[in-house]
Every structure is written in structure tokens, then in C-alpha cells.
Amino acid sequence: MIEVRRLGAQVGAEIHGVDVKTLDDAGFAVMYRAWLDANVLVVPGQELEIADFLRYSRRFGVVHPHPSKSTRHPEYPEITLLGVNKFGPDGALDQAIYRRGAEGWHTDGAYDEEPFKATQLYALAVPSTGGDTFFASMYAAYDALPARLRERLDGRLGAFTYGGRRKATALLNAEDREWTPVFHPVIRVHPETGRKGLFFDPGKIIRLEGLEPAESDDLIDELTGYMIQPDAQYRHRWRKGDIVIWDNRCSYHKAAGDYPPEEDRIHWRVSIKEHPAAPGRPAPGQEAAAAGR
Ligand SMILES: O=C(O)CCC(=O)C(=O)O
Ligand SMILES: [Fe+2]
């Protein structure tokens, strides 16, 4: 029997009583519904090979390789490795790998024309302490906006790039760092739940369209203050064998980035979209190169 337990009041649900390797369609439908309701779904105690993880991930959508080529699994480009090759040849800790996802609250893939629908992680090794992942609701952020801000944002587009205003592109190969901005409405209606959320990422947004630069920066700061609502968070403490999937269309997340660096914290990670890559379209970040620039 599949059991769904709520973790936080608004964010997070945990599933018990499933082995995702043998899950039937009716069982998956229960889990998918729970995921839409809770934005973040935890499935503990799974024993998976890479093929199992990919097969299960594809039930949520289309798995796309991440633009960070250096952190792809050498044999399975759709799998990103988290926490692997943390130490360089000189023995120094690579902060971009160790602190990946820890620089601030964000949503994955806002730099892409079709941002990731979901990101899914499978824990292979967990540290003895630290290394949690934090989640928060975009719906709650939107609900908290005063009417004055909702009116200013209604129909407004944000321009996003991979590294944002700080140009944080350390995980990209040098030839992939020139990023063509993409545009998304900052008030976004979730395509499946119909609920409005504040689709926002201070580390990837470069400006709000139609505003003077100073006004845009001020509004970005103001919106950053609404992202995290105290009653709409969930903190995940990892156990080996956990699968966690989050919905990038309605949630923010952040890695704690605080575990003992000498310990292993290793995940397989996939980026999931609604759609396959359009034929002949350059990969994200490659538009400038493809246009000969
Ligand atoms: O490692 C984590 O806890 C999450 C990192 C992250 O932000 C991501 O994988 O998108
Ligand atoms: Fe992330």
C-alpha cells in the first residue's frame, strides 16, 4: 500500500511502501499527484542502478543533459554527478563542486527557454553531518506579495542567464560561458495546478524588462525578500537511498553546502523537462556560438 505523509505544512511529502523499480501506473499517479500538491517528493530506501534511476525519472518527463559538461557522468550524459571530483589534482577543494547550489535560493534552469520542470536526486553517499537541502514554495512567495507589487509585476518579463549578474559560470566549459538571455514572466501560472507563483531567481535574473537599471535592481532586491516564507519551507536531511524530486515551476531550493569536505556526499542528478529538445536547436548557452558570435 502506498502511503503519502506530509512533511511540511505547504512543502514536502514522503512516500512509503514503494519500490520505484516495480511501481505500476496507478501507484505512479498517486505519487505524481502528491508531488504536484507538495512541490517536493521524497521516496526513501531505494536501491537503484543508473538505468533504474533514468527509467523512473522519465516517468516525470524528458531527461535532458545539464549544460555543465564537466560534471556529467562520463557514460550517461543525462546524469549529473554531485560531489564527485571535489578535490583538484593539487588537492585543493573545488568550491564550485563542493558548494554547488549553496550560493543562494534558486530554481533550476531559469536560464533556459524551457526551464526544467523538475530536478531529481538520488543519494549514493551522505555525510555524517550537514549537507541538507532546503526547499520553499513559489506559491507562498506570490501569495505574500502586496497588491502594489503584484500590479507592478503583472505581465512583466525577467531576463535570465546561466550565471546571472555575478556571471557565476565556474561549472561551465570556457566555450559555453557566453549566454544569450532568455525571458520568462516573473508571475508564472503553473501549467498543471493553475496556481500562480513568483518565478524568480536572484542568481540568474539579470534585469526586469521595461525598468531603468537601478529600478530593476531595487525591485530584484525587494522580490528576493519575499521568496522565503517561514511557514512554506521544508528542510531535507539526506539518507542513503533517498530519491527527492522537486518542481522548479513552483519551488525554490538551496543546498546547505556545509558538510565536512573530507566526507563523501554524492548524488546522481537529472534535469527533467516537459519537452524533448527541438530538432536543430542549439543546446542552451550555445546560441551565441551557433550564430557565429
Ligand atoms: O545538492 C543539493 O542539495 C542541491 C543542489 C542543487 O541546487 C541542484 O542540484 O540543483
Ligand atoms: Fe539547484
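Numbering of ligands and ligand atoms starts at 1, following listing order. Only a predicted model underlies this, so the values are computations on that prediction, with no experimental measurement involved. Worth knowing before you read on, the calculation uses all heavy atoms, side chains too, and leaves out hydrogens, waters and symmetry mates. Numbers here simply count residues along the sequence, with the first being 1.
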Trainee: Looking at H106, which of its N, O or S atoms is the nearest one to the Fe ion (ligand 2)?
Mentor: NE2
Trainee: Working to the nearest 0.5 Å, report the span between OH of Y56 and CZ of F53.
Mentor: 9.0 Å
Trainee: Considering just N/O/S atoms, say which atom of D108 is closest to the Fe ion (ligand 2).
Mentor: OD1
Trainee: Other members of the hydrophobic cluster containing L82, with the 4.5 Å side-chain heavy-atom rule, please.
Mentor: L7, V11, V40, V42, L121, V126, F135, Y234, W238, V244, W246
Trainee: Pairs under 3.5 angstrom, nitrogen or oxygen on both sides, ligand 1 versus protein: list them out, please.
Mentor:
residue, atom, partner, partner atom, Å
ligand 1, 1 (O), R265, NH1, 2.9
ligand 1, 1 (O), R265, NH2, 3.4
ligand 1, 3 (O), T133, OG1, 2.5
ligand 1, 3 (O), R265, NH2, 2.8
ligand 1, 7 (O), H106, NE2, 3.0
ligand 1, 7 (O), H253, NE2, 3.1
ligand 1, 9 (O), R269, NE, 2.7
ligand 1, 10 (O), D108, OD1, 3.1
ligand 1, 10 (O), D108, OD2, 3.0
ligand 1, 10 (O), H253, NE2, 3.3
ligand 1, 10 (O), R269, NE, 3.4
ligand 1, 10 (O), R269, NH2, 2.8

Trainee: Would you mind reporting whether D218 and E215 have side-chain heavy atoms less than 4.5 Å apart?
Mentor: no
Trainee: Using 30° and 60° as the class boundaries, would you call the ring planes of F160 and H184 parallel, tilted or perpendicular?
Mentor: tilted
Trainee: Just to verify, what does L124 make a side-chain contact (heavy atoms from CB on, under 4.5 Å) with, not counting sequence neighbours?
Mentor: Y122, I266, W268
Trainee: Tell me every residue that passes side-chain contact (heavy atoms from CB on, under 4.5 Å) with P191, counting only those two or more places apart in sequence or in another chain.
Mentor: R249, E274
Trainee: Report the distance from atom CZ of F183 to atom CG of L157, rounding to the nearest 0.5 Å.
Mentor: 7.5 Å
